[in-house]
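Notes follow once the structure below has been shown.
In what follows, every chain begins at residue 1, and chains take the letters A, B, ... in the order their sequences are listed.
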Amino acid sequence: MLRTEPLQDGSRGNIAQIPESPPTMILPRFGIVAAALFSIILFVAAAWLTTGLCIAIWLHSGRLARLDPGTAGAGIAFRILVTPGIMALWPLLLRNWRRHRRGMVAAPDAEDWLPAARLRARHGLIVRSVAVAVPVLCAAAIIARPAPIANGSPIPDALRTPPLAAVAEDRAPFLLAQGVAALIRTDERRSAWQLELAVTERPGIRGPMLYWFPPAGAGAASEYLGPVSAAGVHRFAISETMVREGSFAILSFRDATALGPARRGGG
Amino acid sequence: MSASYRAIAWNRHKRLCDIALAGILVAAIGAFAGTAAATRPGMTAETLVIRSTAIAALALLHVILCIGPLCRLNSLFLPLHYNRRHLGVTMFFLALVHSAFAIIQFQGFGDANPIVGALTAYARDYAPGVGIANFPFEIFGAAALAILFVMAATSHDFWLKNLGASFWKAMHQLVHVAYGCLLVHVFFGALQSERSVAYPLVLGAGFAAVAVLHVAAWRKEKLADDRMAPAPDGGFVDACAAADLRESCGKSVWIGGERVALFRKGDRVFALSNVCRHQGGPLGEGRIVDGCATCPWHGWNYKVEDGCSPPPFKETLPTYNVRVRDGRVLVHPAPNPPGTTCAGASCKEGAP
């Protein structure tokens, strides 16, 4: 049975027991660094594109036609079409503009013709590199992928999984954490089990995930059941073993913490 | 070219191709949705969108990558090449929808930036220990999307002109890098949980098709170049027999390490660079139309006498000095500066 105890205030419900010390996990220090790095990259990319948008507006105000006479008289659809490219490659257009202002007639036609041999050599290098690297990596992905969780149930799409059709036993709901009420369902034959979480408050930790932990000393591994990142009802397929023994907990590896101890509450 | 640009240069042929493309995509996504609804009723609409757009984009990318070598092998595929740009932009938009839904589905509604969350999801220990399950496959997807965005954003003749053909072509050859990133993204992502052998087999077959076609096209071109290895004669290189040149038809020859396009106009022979200024098409496989050598890929024109595009267009190609001796066409390997007028050579014996 789930390790629970009746609420002492007489109301319906049980308290779920969260283990005193969650299993050892790899603290994602590199994850913290990676998050910081990608945040910076994202900021730089946003600044780049914003600058590009300003330059695009500036160019579209008559200067583009001086840079490229072919744009004179071009319609709004053309201007909208080339704007994303200007946002991405604005330094090159600014270079062209600077050359134009200095009176340097851009002579791409004269200087920038395409020797076929150079084109094909470059094309061949790229194709050969991809042709060698990709099969090696993809084969490694298939060979080294982990085995499916033994006796595990596939994790359903948590937000829309319907409840079991016939609920024969509806355990009294219990509070897993503040704002997270849990309910265990099964069907008439007790062949399928489902844990239903009603999340009424937005979790206060990053990347909250639901785990099941075996009893201490049982020797079995903990099992990841699914994310609990949004308010609403989440349903997870569980096994009868999880119902009979062990406990559930909501953990965040980003914050290296659990979602606080279970609290008493009404069902 | 240098006339006033239009957003999309639609013509009847392109409209028909775009309508056919839209129809095929709608039918394919509809078929996927129907199959998924029947076999996996628990699949949500968001998951359906994520998977259907991913499959459609990846399938389209395989088609796009095959078009180039197919055209080298058989000119019947040229109409596909003519519309390859539209296929590429469509593929990018499918990939964009896939990315947006995936980020919202798996990273949204939290208190972290969803894009940063997607790129650092690998750092989350969702499998015991550090292993293949923690491979940053999302980053490869993001890299591919960035490449495809730049390619889609510069898929217009405006960019060809203002970036220069060489840089533009180099940038668009990154499609192969994007393809590799996408395969890694799929194999280290979705295929870690999808255990059916069908997925890696189908993807492997697609990769093999792209690779085999590329090798076949390369081999065909190399054999043709090896056959054309001529002996130098006073600086001029023997290219071919004058009788091999048909009226108003082009012919590609290998001279001094480069492809040269020969054209016969009337009884005179002219030589231009084989590489079209537009997207590097094989000019020598085109014909003379209205007095101009016409590229078979997108119809760009160049006067055979000087390699210049007819007004108001301003593109130019290098020309080559050419002679005819004893029924043989000789070409000097050093190209003239683009736009240089070259008188050509008469195919009649004794004529200048």
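Between His123(A) and His214(B), the angle of the ring planes goes over 60°, which puts this pair in the perpendicular group of the 30/60° scheme.
Residue Ile76(A): no heavy atom, backbone or side chain, is found under 4.5 Å from chain B. Within the 4.5 angstrom heavy-atom criterion, only side-chain atoms of Leu92(A), from C-beta onward, approach chain B. Contact annotation for Ile86(A): both backbone and side-chain heavy atoms come within less than 4.5 Å of a heavy atom of chain B. Heavy atoms closer than 4.5 Å to chain B are found in the backbone of Ala72(A), but not in its side chain.
In this structure, the side chain to side chain contact (heavy atoms under 4.5 Å, CB included) partners of Ser129(A), at least two apart in sequence or on a different chain, are Leu125(A). Residues passing the side chain to side chain contact (heavy atoms under 4.5 Å, CB included) test with Ile40(A), sequence neighbours excluded: Val44(A).
Heavy atoms of other residues, nucleotides or ligands lying less than 6.0 angstrom from CZ of Arg95(A) number more than 12.
In terms of heavy-atom pairs under 4.5 angstrom with chain A, the leader among Leu174(B), Leu183(B), Val215(B) is Leu183(B). The choice from Ala170(B), Pro200(B), Gly339(B) that makes the most heavy-atom pairs within less than 4.5 Å of chain A is Ala170(B).
Contact record, Gly180(B) with Val134(A): CA-CG2, 3.4 Å, taken as the closest heavy-atom pair. Scanning both residues, Ala74(A) and Tyr5(B), for their nearest heavy atoms gives CB-O, 3.8 Å.
Using a 4.5 Å heavy-atom cutoff, the side chains of Trp159(B) and Val82(A) are in contact. Annotation: side chain of Tyr179(B) is not in contact with side chain of Val127(A) (no heavy-atom distance under 4.5 Å). Side chains of Met171(B) and Leu89(A) form a contact here, defined as non-hydrogen atoms less than 4.5 Å apart.
Taken from CD1 in Ile41(A) to CG in Leu119(B), the straight-line distance is 8.0 Å, to the nearest 0.5 Å. Of the inter-residue distances, the one linking His176(B) atom NE2 with Ile126(A) atom CD1 reads 7.5 Å to the nearest 0.5 angstrom. Atom CD1 in Ile8(B) sits 12.0 Å away from atom CZ in Phe78(A) (nearest 0.5 Å).
Between the side chain of Asp68(A) and the backbone N or O of Asn162(B) there is no donor-acceptor pair closer than 3.5 Å.
Along residues 146-155 of chain B, the residues that come nearer than 4.5 angstrom to chain A, judged on non-hydrogen atoms, are Phe149(B), Ala153(B), Thr154(B) in order of number.
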TODO: With side chain to side chain contact (heavy atoms under 4.5 Å, CB included) as the test, would you mind laying out the steps for Phe188(B) and Leu137(A) before giving the verdict?
DONE: CA-CA 9 Å; Phe188(B) 282 91; Leu137(A) 283 173; 4.3 Å; yes
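For residues 75-87 of chain A, the set of pairs meeting the side chain to side chain donor-acceptor pair (under 3.5 Å) definition, not counting sequence neighbours, comprises His60(A)-Arg79(A), His60(A)-Thr83(A).
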